[in-house]
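Notes for the one structure printed next.
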Amino acid sequence: MNKKQKKMLCRIFAAAILLVTAVATERFTGGQLYLGQDSPLLTVPFLSQARPGQDAAGNQIIGYFLELWWLYLIPYFTIGWDILWKALRNIKNGQVFDENFLMAIATVGALAIGEYPEAVFVMLFYQVGELFQAVAVGKSRKSIAALMDIRPDSAKVERNGTVEEVDPEEVAVGEIIVIKPGERVPIDGVVLEGTSTLNTAALTGESLPRDIGPGDDVISGCINMSGLLRVRTTKEFGESTVAKILDLVENSSTKKARTEQFITRFAKWYTPAVVIGAVALAILPPLLIDGDWIRWFRQALIFLVISCPCALVISVPLTFFGGIGGCSKAGILVKGSNYLEALARTETVVFDKTGTLTRGVFLVATIHPEEGTQERLLELAALAESYSNHPIARSLREAYGKEIEEARVTHVEELAGRGVKAEVDGLTLYVGNDKLMEEEGAAWRPCHKAGTIVHVAEKGTYLGHIVISDQVKPDAQEAIAALKEIGVKKTVMLTGDAKEVGDAVGAQLGLDEVHAQLLPADKVAQVEALLREKSPKAALAFVGDGINDAPVLSRADVGVAMGALGSDAAIEAADVVLMDDKPSKLAQAIAMARRTLRIANQNIVFALGVKGIFLLMGVLGKANMWEATFADVGVSVIAILNATRALKTGK
């Protein structure tokens with residue numbers, strides 16, 4: 001508990017002790033305090049007046065006593081002064097119908113008809129419920145607060161030969177910062193000197209450290225685990241990864257789910273409706289039935305206490321807040337509860353291929369020499385491609401793994417759209433696609449392996465081919481299986497690659513549909529077609545890397561960017577951001593969203609159901625003030641405790 005909550009707890013204990021004392025004193029004295037025959041208090045008119053039904057002697061005896069109702073005012077104001085003040089302040093500001101108003105008129109009315117213990121207990125138990133709410137909200141905020149801890153307090157900057165400790169917002173782009181072991185990276189930058197490992201758990205939810213060295217990018221919010229680093233900043237603090245994430249989480253509460261909006265609209269009309277109903281209950285039955293004004297006034301007060309909408313207006317927003325907090329703790333950033341609700345309704349998931357289901361890194365998968373060895377074929381291809389910056393050329397050199405002897409390579413010529421021509425060790429080599437082979441008259445043959453085929457020929461003699469493929473991520477197959485397990489009806493992959501490559505990846509992962517050879521505009525068209533096919537209440541999620549998929553991300557019901565650690569474009573374009581590079585996190589995100597929505601609906605049904613029963617009992621006179629209090633605050637406490645389950649990070 002924070003200081004304010006501890007203070008409220010002390011008030012609750014103090015008021016409870018004072019209430020018990022008042023009740024015990026009343027029971028011990030019979031509700032009156034003996035003053036003695038000559039007490040000057042007997043001159044007070046209302047203390048010495050005769051009572052109906054008492055004889056003269058009885059009236060004279062009563063005059064020696066003082067009634068103890070005022071003892072109950074001490075615990076009442078101890079625990080309820082702030083509620084009364086809020087009610088008066090809100091009335092002054094034109095905000096009449098809220099829970100403070102309901103509690104104020106219910107308890108003041110109870111005092112007016114002599115229900116002193118009940119009035120104090122209603123206010124006391126209501127404050128207990130408010131304390132439960134505050135503690136639950138604090139618990140929900142812990143996961144958010146843990147994420148907020150990624151904001152660095154200071155940065156150590158090299159200036160004029162010395163290291164100065166300054167606010168991160170004062171560091172300019174291009175300045176050199178020093179990060180010691182155990183310190184948090186304050187601003188995005190590039191490592192100039194030093195090697196270390198970074199703990200990215202606060203951003204991704206994963207504890208596996210990441211090795212870095214000179215030339216590697218580092219992002220703010222990570223913790224430097226081992227070595228001393230000198231880093232040149234590449235962004236101002238306000239544009240850094242940590243600032244964008246904090247802004248995203250802090251503003252997530254402004255985008256409410258339809259369920260939350262329903263509760264807000266419901267409370268707006270519900271509260272004045274029950275006040276009008278209570279007034280009618282206090283006036284109409286005495287006029288039309290039995291004339292017992294005190295009885296029906298008491299029933300109206302009970303009706304007001306029961307009708308207080310605390311359980312709904314507190315627990316439903318708290319549930320969504322807890323869901324967003326739990327997702328943040330797992331490295332899943334949700335920009336608002338409306339997106340969390342849409343994620344829960346997801347039945348179709350569309351994936352981009354490169355960088356999402358695959359690593360986006362081309363590697364040599366297979367070497368098929370027509371003559372000679374695999375090593376010799378790879379060596380010739382790597383040497384011929386030694387001057388090219390194309391990703392396929394880089395993958396060939398990486399697979400070769402040896403230093404390129406430039407003297408062995410001469411007369412290199414790029415052949416646009418076909419490949420490269422070069423002389424290697426005196427041999428005239430042609431390395432490229434099947435078009436190049438046909439031009440040179442080499443008798444090439446297709447490969448049964450999926451991927452990019454690099455053919456190698458020496459003049460007109462075909463030497464063989466090498467298959468380059470984008471590697472599927474280790475947990476991609478697990479991700480698709482997990483989505484189907486939780487009830488996602490259709491999984492689709494969109495790619496610009498050749499149909500053979502797309503079909504091979506789709507078959508390997510168990511996808512329902514694959515659409516290949518697509519331009520960015522074609523991907524949007526495919527998503528729009530899938531949107532027309534889905535059921536009206538279902539949602540479609542598109543998962544991409546967030547950099548070149550912005551048009552599709554914005555068109556889908558839910559845009560999900562993954563592998564977004566350090567990617568500004570991903571954080572800006574998507575509605576949900578998976579901070580690590582694991583597609584399997586998507587199933588976890590959907591499961592957590594569904595659990596959050598399920599808890600919110602449980603609280604709505606439970607609160608309305610219990611209140612409906614007790615409101616009927618209140619109208620029929622079957623519920624007293626104590627039961628009314630339990631119906632209000634008890635339901636709130638149960639709903640709040642249920643809402644905290646949304647904080648869990650599992651399914």
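Values in this document were obtained by computation on a predicted structure and should not be read as measured data. The first residue in the sequence is number 1, and the count goes up from there.
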Notebook entry, point to check: How far apart are the closest heavy atoms of Y387 and R397, and which atoms are they?
Noted result: N-NH1, 4.5 Å
Check: Is any side-chain heavy atom of Q526 less than 4.5 Å from a side-chain heavy atom of V492?
Finding: no
Check: Rounded to the nearest 0.5 Å, how far apart are CD of E158 and CD1 of I177?
Finding: 10.0 Å
Notebook entry, point to check: Can you check whether T495 reaches V501 side chain to side chain, under 4.5 Å on heavy atoms?
Noted result: no
Notebook entry, point to check: Is a salt bridge present between R345 and D557, judged by a nitrogen-to-oxygen distance below 4.0 Å?
Noted result: no
Margin query: Are D82 and M8 packed together at the side-chain level, in the sense that at least one heavy-atom pair is separated by less than 4.5 angstrom?
Written below: yes
Next item on the list: Kindly say whether G331 contributes a backbone atom to a donor-acceptor pair with the side chain of K585 at under 3.5 angstrom?
Entry: no
Check: Is it true that K489 and D512 have a side-chain N and a carboxylate O under 4.0 angstrom from each other?
Finding: no
Item checked: Test item: K156 side-chain N/O and I179 main-chain N/O as donor-acceptor pair under 3.5 Å -> no
Notebook entry, point to check: Okay, side chain of T491, backbone of L511: is any donor-acceptor separation there less than 3.5 Å?
Noted result: no
Next item on the list: With rounding to the nearest 0.5 Å, note down the distance linking CD in E341 to OG1 in T346.
Entry: 11.0 Å
Margin query: Is there a side-chain contact between E170 and E164 in this structure, where contact means two heavy atoms from C-beta onward sitting under 4.5 Å apart?
Written below: no
Next item on the list: Compare every heavy atom of Q588 with every heavy atom of A330, then report the nearest pair and how far apart it is.
Entry: CB-NE2, 3.7 Å
Check: What is the minimum heavy-atom distance between L343 and A593, and which atoms define it?
Finding: CB-CB, 4.0 Å
Notebook entry, point to check: Should K92 and R89 be marked as a side-chain contact (heavy atoms from CB on, under 4.5 Å) after you check the CA-CA gap, both sets of side-chain angles, and the distance that decides it?
Noted result: CA-CA 5 Å; K92 181 181 177 182; R89 184 182 61 192; 5.6 Å; no
Notebook entry, point to check: Are side-chain N/O atoms of S154 and E165 paired as donor and acceptor at under 3.5 Å?
Noted result: yes
Item checked: Under 3.5 Å donor-acceptor, R184 side chain and G221 backbone -> yes
Check: Quick one: does D475's side chain have a donor or acceptor within less than 3.5 Å of a partner on S584's backbone?
Finding: yes
Note to self: So does I486 get a backbone contact from the side chain of R594, meaning a donor-acceptor N/O pair under 3.5 Å?
What the structure shows: yes
Check: Are the side chain of T233 and the backbone of A172 linked by a donor-acceptor contact shorter than 3.5 Å?
Finding: yes
Notebook entry, point to check: Taking everything shown except E533 itself, do over 12 heavy atoms lie less than 6.0 Å from its CD?
Noted result: yes
Next item on the list: Spell out, as yes or no, whether a donor-acceptor pair under 3.5 Å connects the side chain of T162 to the backbone of R159.
Entry: yes
Item checked: Spacing of CD belonging to E406 relative to CG belonging to L383, to within rounding of 0.5 Å -> 10.5 Å
Next item on the list: Check whether more than 12 heavy atoms from other residues, nucleotides or ligands sit under 6.0 Å from atom CD of E236, and answer yes or no.
Entry: no
Next item on the list: Would you name the heavy atoms of S337 and F320 that are closest together and state the gap between them?
Entry: CB-CD2, 3.6 Å
Notebook entry, point to check: Does a salt bridge link K235 with D188, judged by any charged N lying under 4.0 Å from a carboxylate O?
Noted result: yes
Item checked: Flag side-chain contact, heavy atom, 4.5 Å: V412 against V420 -> yes
Item checked: Atom pair CG (N601) and OG1 (T596), whose distance is rounded to the nearest 0.5 Å -> 11.0 Å
Next item on the list: Please examine the side chains of L228 and S196, heavy atoms only from C-beta on, and report whether any two atoms are closer than 4.5 Å.
Entry: no
Next item on the list: Might you point out which heavy atoms bring K490 and E513 nearest each other, and give the distance in Å?
Entry: NZ-OE2, 3.3 Å
Item checked: Close side-chain approach of V514 and V505, heavy atoms under 4.5 Å -> no
Check: Rounded to the nearest 0.5 Å, how far apart are CD1 of I212 and CG of N224?
Finding: 6.5 Å
Notebook entry, point to check: Which atoms form the tightest heavy-atom contact between L357 and P583, and what is the distance?
Noted result: CD2-CB, 4.5 Å
Notebook entry, point to check: Distance from L586 atom CG to T356 atom OG1, nearest 0.5 Å?
Noted result: 10.5 Å
Note to self: Donor-acceptor check, side chain of D216 to backbone of G213, threshold 3.5 angstrom: yes or no?
What the structure shows: yes
Next item on the list: Kindly indicate whether the side chain of Y400, heavy atoms from C-beta on, has any atom under 4.5 Å from the side chain of V364.
Entry: no
Check: Is K534 salt-bridged to E347, cutoff N-O under 4.0 Å?
Finding: no
